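First up is the structure itself, then whatever we jot down about it.
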Amino acid sequence: MASLYSSFVGISSPNPFWLASAPPTDREVNVERAFAAGWGGVVWKTLGIDPPVVNVNGPRYGFWRGDNQRVQGFNNIELISDRAIGSNLEEIARVKARWPDRALVVSVMFPLEEEHWARWLPEIEATGADGIELNLGCPHGMSERGMGSAMGQAPQLVEAVTRMAKAHTRLPVIVKLTPNVTDITWSASAAKTGGADAVSLINTINSLIRVDLDTMAPEPCIDGKGTHGGYCGPAVKPIALHMVAEIARNQVLAGLPISGIGGITSWRDAAEFLALGAGNVQVCTAAMLYGFRIIEDLAEGLAAWMDEKGYASVAELQGRAVANVRDWNRLNLNYVTKAKIDAERCIGCGRCFIACEDTSHQAIARLPDSTAYQVKPEDCVGCNLCVAVCPVPNCIDMLPMRTGTDPRTGSPIRSAPMSWLEHPENPVGAVACKTEE
């Protein structure tokens with residue numbers, strides 16, 4: 001059976017699933033329950049200097065649900081730990097002593113003043129914790145105080161705070177990056193320059209989840225008012241995958257370990273992050289919505305899939321998809337696909353027809369004397385919209401054309417790849433090609 005054992009920047013855990021720094025890792029009782037359930041590690045909820053922050057005494061979470069009533073997007077306005085740092089450290093020491101085989105990393109958010117780092121990082125190290133995570137990502141509350149994403153959005157501050165942390169601890173330092181930036185590689189590069197042992201991403205996305213149209217106030221609502229918060233949950237996964245991939249395929253950042261975070265709800269989500277270069281994954285929203293026992297499905301599902309695919313270890317899976325992530329101008333423009341509808345499976349709902357007729361290429365028609373539909377290859381551009389709207393699994397396939405002539409363009413199908421850089425209709429193709437080389 002595949003081994004889920006994980007070693008991330010020298011931190012060992014029985015599986016690659018860690019709970020992210022968040023409400024589920026706020027105190028001893030929560031973390032004990034998580035480890036008993038089978039989680040491989042936790043990142044303790046972010047610690048700040050005393051006096052502790054004051055959190056709101058009301059709704060801290062907003063959310064939106066999909067058609068199946070499952071939460072797809074989650075908005076959080078809770079701040080970092082509102083308990084004294086000393087109390088947290090006592091609990092961390094007890095938990096680590098009882099669970100020596102589990103990863104226990106401590107998240108911190110201190111001002112950029114060396115006295116705080118010099119005082120508290122050695123005390124964190126004395127608890128037996130395995131590592132430090134720098135929270136440079138929270139977009140609400142703490143950012144207004146010059147910390148969180150206010151630091152994470154400025155590469156020079158990312159480098160400075162990373163360097164300061166490294167100067168005062170022998171533990172691995174993981175820098176948690178904010179997605180509220182133009183280019184995630186700038187922040188990652190700054191962290192690496194500052195001496196980071198790894199990066200973790202993404203933290204939450206700055207957002208307003210919804211507006212109550214009766215009260216005309218954003219939610220979650222505190223005494224008639226609302227504020228921006230951190231967006232997370234399944235809806236952010238595509239953004240997180242993109243940012244993880246951008247770091248993993250960046251030549252300057254090659255070899256920088258990545259802890260993947262963002263919308264992980266199933267073992268398949270985790271496998272995608274690992275395939276895009278993450279060394280492990282962190283989970284929060286799914287645990288909050290479904291409880292700690294989801295670790296059973298995550299671990300068992302990943303191990304079973306790895307067995308099926310022949311991956312003996314997490315390390316064998318890591319990064320397998322990175323080479324297939326390309327810039328748009330490197331895609332093969334000679335590749336042609338056409339949609340094909342299975343008439344036997346088609347239920348005649350017409351959703352593919354309406355979507356294509358109204359918003360795409362008018363490439364679908366109803367079969368004569370039938371309720372089923374068929375694709376008109378001479379109009380189909382292979383856009384995949386019909387697959388997206390079809391309610392019947394495997395009813396529509398996208399089939400590549402390997403030989404012959406594309407009935408839409410009248411051009412022969414060419415087996416040799418051709419990117420936009422080499423395309424004859426690109427007026428600067430030759431120049432672009434030389435530049436890329």
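As the structure is a computational prediction, the values presented were derived from the model and not from experiment.
- A salt bridge does not link E115 to R119: none of the charged side-chain nitrogens sits closer than 4.0 Å to a carboxylate oxygen.
- Looking only at side-chain heavy atoms (C-beta outward), I264 and F273 come within less than 4.5 Å of each other.
- Judged by distance alone, with hydrogens and angles left aside, the side-chain atoms of N15 form a donor-acceptor pair with the main-chain N or O of G40 at under 3.5 Å.
- In terms of the salt bridge (Lys or Arg N to Asp or Glu O under 4.0 Å) criterion, residue partners of E28 (sequence neighbours excluded) are, by chain and number, R94, R98.
- For the pair I132 and L121, the minimum side-chain heavy-atom distance is below 4.5 Å.
- Summarising the geometry, atom CG belonging to N250 is positioned 5.5 Å from atom OG1 belonging to T185; distances are rounded to the nearest 0.5 Å.
- A donor-acceptor contact shorter than 3.5 Å is absent between the side chain of N76 and the backbone of G230.
- For the pair P52 and S81, the tightest heavy-atom approach, listed with the atom from each and the gap, is CB-O, 4.4 Å.
- Proximity of K176 to I261: side-chain heavy atoms (C-beta onward) are separated by under 4.5 Å at one or more points.
- In this structure, CD1 on I341 lies 7.5 Å from SG on C390, to the nearest 0.5 angstrom.
- Atom CG of L201 sits about 10.0 Å away from atom CG of L241, to the nearest 0.5 Å.
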Practice problem: Might you work through the salt bridge (charged side-chain N to carboxylate O under 4.0 Å, His left out) test for R163 and E159, ending with a clear yes or no? | Solution: CA-CA 6 Å; R163 197 177 298 280; E159 179 181 344; 2.7 Å; yes
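- Side-chain N or O atoms of N135 include none that pairs as donor or acceptor with a backbone N or O of V108 at under 3.5 Å.
- Scanning both residues, G260 and V244, for their nearest heavy atoms gives CA-CG2, 4.5 Å.
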Quiz item: Given I202 and T178, is the side chain to side chain contact (heavy atoms under 4.5 Å, CB included) satisfied, shown in steps?
Solution: CA-CA 6 Å; I202 59 174; T178 176; over 6 Å; no
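- E113 CD: more than 12 foreign heavy atoms inside a 6.0 Å radius.
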Practice problem: Begin from the C-alpha positions of S259 and N280 and carry the test side chain to side chain donor-acceptor pair (under 3.5 Å) through to its verdict. | Solution: CA-CA 5 Å; S259 183; N280 71 1; 2.6 Å; yes
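- Under the 4.5 Å side-chain criterion, counting only non-hydrogen atoms from C-beta, L253 is in contact with S189.
- Taking both residues in full, the closest heavy atoms of Y290 and T265 are given as CE1-CG2, 4.2 Å, listed atom of the first, atom of the second, then distance.
- A side-chain donor-acceptor contact under 3.5 Å links W39 to the backbone of F292.
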If you look only at distance, which donor and acceptor atoms sit under 3.5 Å apart when one is on a side chain in residues 300-316 and the other is two or more places apart or in another chain?
from	atom 1	to	atom 2	distance (Å)
D307	OD1	A2	N	2.7
S313	OG	E316	N	3.3
E316	OE1	A312	N	3.1

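- In terms of modelled atom types and a separation under 3.5 Å, the side chain of S13 and the main chain of P16 share no donor-acceptor contact.
- Residues N206 and H228 come closest through the heavy atom pair OD1-ND1, 2.7 Å.
- Remark: side-chain polar atoms of S87 are not paired, donor with acceptor, to backbone N or O of R83 under 3.5 angstrom.
- Here the side chains of I124 and T169 are not in contact, with every heavy-atom distance at 4.5 Å or above.
- Proximity of the aromatic rings of Y231 and F74 is defined here by a centroid distance below 6.0 angstrom, and this criterion is not met.
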Quiz item: side chain to side chain contact (heavy atoms under 4.5 Å, CB included) between V375 and K338: does it pass, once the steps are laid out?
Solution: CA-CA 8 Å; V375 174; K338 302 290 180 181; 5.6 Å; no
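- In this structure, the separation between CG on D327 and CZ on R330 is 8.5 Å, given to the nearest 0.5 Å.
- Remark: E78 engages K45 in a salt bridge, criterion side-chain N to carboxylate O under 4.0 Å.
- Under a 4.0 Å N-O distance rule, the pair D130/R102 does not qualify as a salt bridge.
- Considering all non-hydrogen atoms of both residues, C352 and C386 come closest at CB-CB, 3.8 Å.
- The neighbour count for Y335 OH, taken as heavy atoms of other residues, nucleotides or ligands under 6.0 Å away, is above 12.
- Using a 4.5 Å cut-off on side-chain heavy atoms (C-beta onward), E90 and T127 make no contact.
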Exercise. Please test E125 against H168 for side chain to side chain donor-acceptor pair (under 3.5 Å), starting from the C-alpha separation and ending with a verdict.
Key: CA-CA 10 Å; E125 192 171 325; H168 294 288; over 6 Å; no
Quiz item: Should V106 and I92 be marked as a side chain to side chain contact (heavy atoms under 4.5 Å, CB included) after you check the CA-CA gap, both sets of side-chain angles, and the distance that decides it?
Solution: CA-CA 8 Å; V106 179; I92 290 166; 3.7 Å; yes
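- Summarising the geometry, atom CD belonging to E133 is positioned 9.0 Å from atom CG belonging to L136; distances are rounded to the nearest 0.5 Å.
- A distance-only check finds a donor-acceptor pair linking the side chain of T25 to the backbone of V43 [under 3.5 Å].
- Judged by distance alone, with hydrogens and angles left aside, the side-chain atoms of N180 form no donor-acceptor pair with the main-chain N or O of I205 at under 3.5 Å.
- Taking 4.5 Å as the limit, every side-chain heavy atom of L134 sits out of range of all side-chain heavy atoms of I174.
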Quiz item: Hey, mind stepping through M109 and C138 against side chain to side chain contact (heavy atoms under 4.5 Å, CB included) and telling me if it holds?
Solution: CA-CA 10 Å; M109 185 188 291; C138 281; 4.1 Å; yes
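- No donor-acceptor pair closer than 3.5 Å links the side chain of D197 to the backbone N or O of V9.
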Exercise. Take E32 and W99, measure what side chain to side chain donor-acceptor pair (under 3.5 Å) needs, and give me the verdict at the end.
Key: CA-CA 9 Å; E32 284 279 349; W99 298 91; 3.0 Å; yes
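- T46 approaches S107 most closely through the heavy-atom pair OG1-OG, 2.7 Å.
- One finds the CH2 atom of W117 at 12.5 Å from the NZ atom of K166 (value rounded to the nearest 0.5 Å).
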Exercise. Assess whether side chain to side chain donor-acceptor pair (under 3.5 Å) is satisfied between W44 and N88, documenting all intermediate values.
Key: CA-CA 9 Å; W44 200 276; N88 277 287; 2.9 Å; yes
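- Put simply, the side chain of E272 never gets that close to the backbone of D269: no donor and acceptor are under 3.5 Å apart.
- Side-chain contact check for R60 versus V56: some heavy-atom pair is nearer than 4.5 Å.
- Within 6.0 Å of CD in E425 there are 12 or fewer heavy atoms belonging to other residues, nucleotides or ligands.
- Environment of CG in D67: sparse, with no more than 12 heavy atoms of neighbouring residues, nucleotides or ligands closer than 6.0 Å.
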